[in-house]
Amino acid sequence: MAYVGVVAAMAVLRLIFARDTDRDRRIFSTLTLVLLLFFAACRAPSVGRDTASFIDVFLKLRGRGLLDILRFSSWTEPGFRLLCALVGLFTANGQWLIAVTSLLIHGSVARFICRHSRNIYLSFFLYVTLMIYPFYFSMMRQALAVAVWLFAYGFLKKRKLVPYLLLVLLAASFHTSALLFLVCPLLALVRVDRQGLRILLPLTVGLSLAGALFAEPAVHLVTRLIPRYANYEVTTFDALYWYFAVFVLITGYGIFKLYYVRSDVPPVATDGFDEKSFLTVMMLLGTVVAATMTRFGQLERLFNYFEVLYLLWLPMVISPAFYRKGERRLAFPVELIVTLLLSLAYFIVILFFRSGLWYDAMPYTFFW
């Protein structure tokens, strides 16, 4: 299967470029990105639940004028329609839409990992084994919104709010839910330490319980008060509890390591951005969203924005592999081995036992 091949290839590349020099990291990142882009760009329109629908929008928009594109009656946002129209200027082949969006999405993720992750090898591995990579095969619009926000993250760290906010608005032009990221500059002001966690942890538990208990009644109340939502139905399914449990486990372990075990905490950026605190607040907020999602499945679209933070959060707390010069081999700390095995188990369970739930990203087939 394609996804197994991607994971296996990355493992081989990690063993080949074991010394972890700047050159090794560049080569590993480049080859891994080429690998990810190849399978993403060459997938058939049948791979991904909504891929064929996106191509249909692309074909309907081709040849239309700018105003017609903006007024076009569609369930897609204007940014996505403009991107379709831009690609349509050069080709009528919908496969090129898949290829261009794959480059934008996975290129942005690779850039994000290389610039901000403390362990790029682990981040790339988690990107596939935690099933974020195949998820983006289906949710093209939301993946584009995530890609824009990942690009904007550097501006957030540098406190350059104007370009950051403009990029968030651009992300929202692909998927409106990306407006969530407008609150990030405020969340970045929060400083988290052990004393602060005495407030934040109980608050997170309380809000999570409230979300899980009252989400469904709140939706029913809204549907009664607002006629246009009268036929709106709350969706939920068992896998949501699985996603919630995994997120809580990862969040809890990270907080334990960062605030109660490790002394070599990540440094505060020179511009005053405390990445450790920001990611902690985001993971706690994601926990609340994940808990509420178990009773209100439509919130999964918001939850997906928090999942991508795994790529920074876990490498921040998991000790990396290191090269033993005398023995000319990689040494893997027990903590890293356990993390790799657990993420691989998650990957295998979804791939072989719950693939029907994974947005039709499986089985993988090439377009030819």
Side-chain angles (χ1 to χ4, degrees), residues 1-18 20 24-25 28-29 31-40 43 47 106 109-110 112-114 117-138 238-254 256-257 283 286 290 303-304 306-323 329-359 361-364:
M1 186 173 285
Y3 305 114
V4 175
V6 171
V7 172
M10 286 195 297
V12 171
L13 287 173
R14 179 64 181 107
L15 294 176
I16 293 174
F17 301 102
D20 194 29
D24 282 356
R25 284 192 290 271
F28 174 87
S29 300
L31 294 178
T32 299
L33 176 58
V34 170
L35 187 68
L36 296 176
L37 287 178
F38 174 76
F39 284 102
R43 72 185 189 273
V47 179
H106 305 295
V109 172
F112 175 75
I113 289 173
C114 292
S117 174
R118 294 168 65 86
N119 183 348
I120 64 168
Y121 309 105
L122 179 58
S123 291
F124 276 114
F125 185 79
L126 294 174
Y127 183 47
V128 180
T129 57
L130 294 183
M131 302 301 287
I132 302 172
Y133 173 64
F135 170 77
Y136 289 165
F137 283 11
S138 180
D238 292 342
L240 295 174
Y241 294 94
W242 175 273
Y243 306 149
F244 168 68
V246 171
F247 195 87
V248 169
L249 176 64
I250 291 174
T251 300
Y253 183 72
F256 174 71
K257 285 294 299 292
M283 295 300 287
F303 173 69
N304 295 325
F306 294 93
E307 278 191 308
V308 74
L309 296 178
Y310 289 157
L311 306 184
L312 295 189
W313 181 251
L314 283 173
M316 184 179 287
V317 300
I318 303 296
S319 301
F322 56 93
Y323 184 70
R329 67 177 181 87
L330 276 172
F332 291 84
V334 173
E335 180 184 35
L336 178 60
I337 293 175
V338 172
T339 301
L340 295 176
L341 290 178
L342 287 176
S343 62
L344 193 59
Y346 181 87
F347 173 72
I348 291 173
V349 166
I350 292 178
L351 200 62
F352 294 103
F353 298 101
R354 304 192 69 89
S355 61
L357 294 173
W358 214 257
Y359 307 99
M362 292 168 275
Y364 179 93

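Counting begins at 1 with the first residue of the sequence.
Rounding to the nearest 0.5 Å gives a distance of 11.5 Å between CG of L311 and CG of N119. Once rounded to the nearest 0.5 Å, the distance linking CG of L122 with CZ of R14 reads 10.0 Å. Summarising the geometry, atom CD1 belonging to I16 is positioned 5.5 Å from atom CG belonging to L13; distances are rounded to the nearest 0.5 Å. Considering CZ of F306 and OG1 of T251, their distance stands at 10.5 Å, rounded to 0.5 Å. How far CG of L314 is from CZ of F125: 12.0 Å, rounded to the nearest 0.5 Å. The OG atom of S319 sits 8.0 Å away from atom CG of L336, with the distance rounded to the nearest 0.5 Å.
What you find for G286 and F303 is that their closest heavy atoms are O-CD1, 4.3 Å. Of all heavy-atom pairs spanning M10 and F28, the tightest one is O-CE1, 3.6 Å. Minimum heavy-atom separation, L130 to S343: CD2-CB, 4.1 Å. Shortest non-hydrogen contact noted between I318 and Y253 is CD1-CE2, 3.6 Å. Of all heavy-atom pairs spanning L126 and P315, the tightest one is CD1-CD, 4.4 Å. Scanning all heavy atoms of the two residues, the minimum distance from L15 to L330 falls at CD2-CD1, 4.1 Å.
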Walk me through it: do L344 and V7 pass the test side chain to side chain contact (heavy atoms under 4.5 Å, CB included)? CA-CA 9 Å; L344 193 59; V7 172; 4.3 Å; yes

Are F347 and V4 close enough, and set up right, to give a side chain to side chain contact (heavy atoms under 4.5 Å, CB included), and what steps lead you there? CA-CA 9 Å; F347 173 72; V4 175; 4.2 Å; yes

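Contact annotation: the side chain of H106 approaches that of Y127 to within less than 4.5 Å [non-hydrogen atoms, C-beta and beyond]. Taking 4.5 Å as the limit, every side-chain heavy atom of Y133 sits out of range of all side-chain heavy atoms of V109. Looking only at side-chain heavy atoms (C-beta outward), V128 and L36 come within less than 4.5 Å of each other. Annotation: side chain of F256 is not in contact with side chain of V317 (no heavy-atom distance under 4.5 Å). At least one side-chain heavy atom of W242 sits under 4.5 Å from a side-chain heavy atom of V246.
Less than 6.0 angstrom separates the ring centroid of F247 from the ring centroid of Y310.
Listed for the Y364 side chain is a donor-acceptor partner under 3.5 Å among the backbone atoms of F39. Formation of a donor-acceptor pair under 3.5 Å by the W313 side chain with backbone atoms of I250 is found in this model. A donor-acceptor pair under 3.5 Å is formed between the side chain of R43 and the backbone N or O of F137.
With sequence neighbours left out, D20 forms a salt bridge (Lys or Arg N to Asp or Glu O under 4.0 Å) with R25. S117 meets the side chain to side chain donor-acceptor pair (under 3.5 Å) test with S123; sequence neighbours excluded. Applying the side chain to side chain contact (heavy atoms under 4.5 Å, CB included) test to P363 and every residue at least two apart in sequence or in another chain returns nothing.
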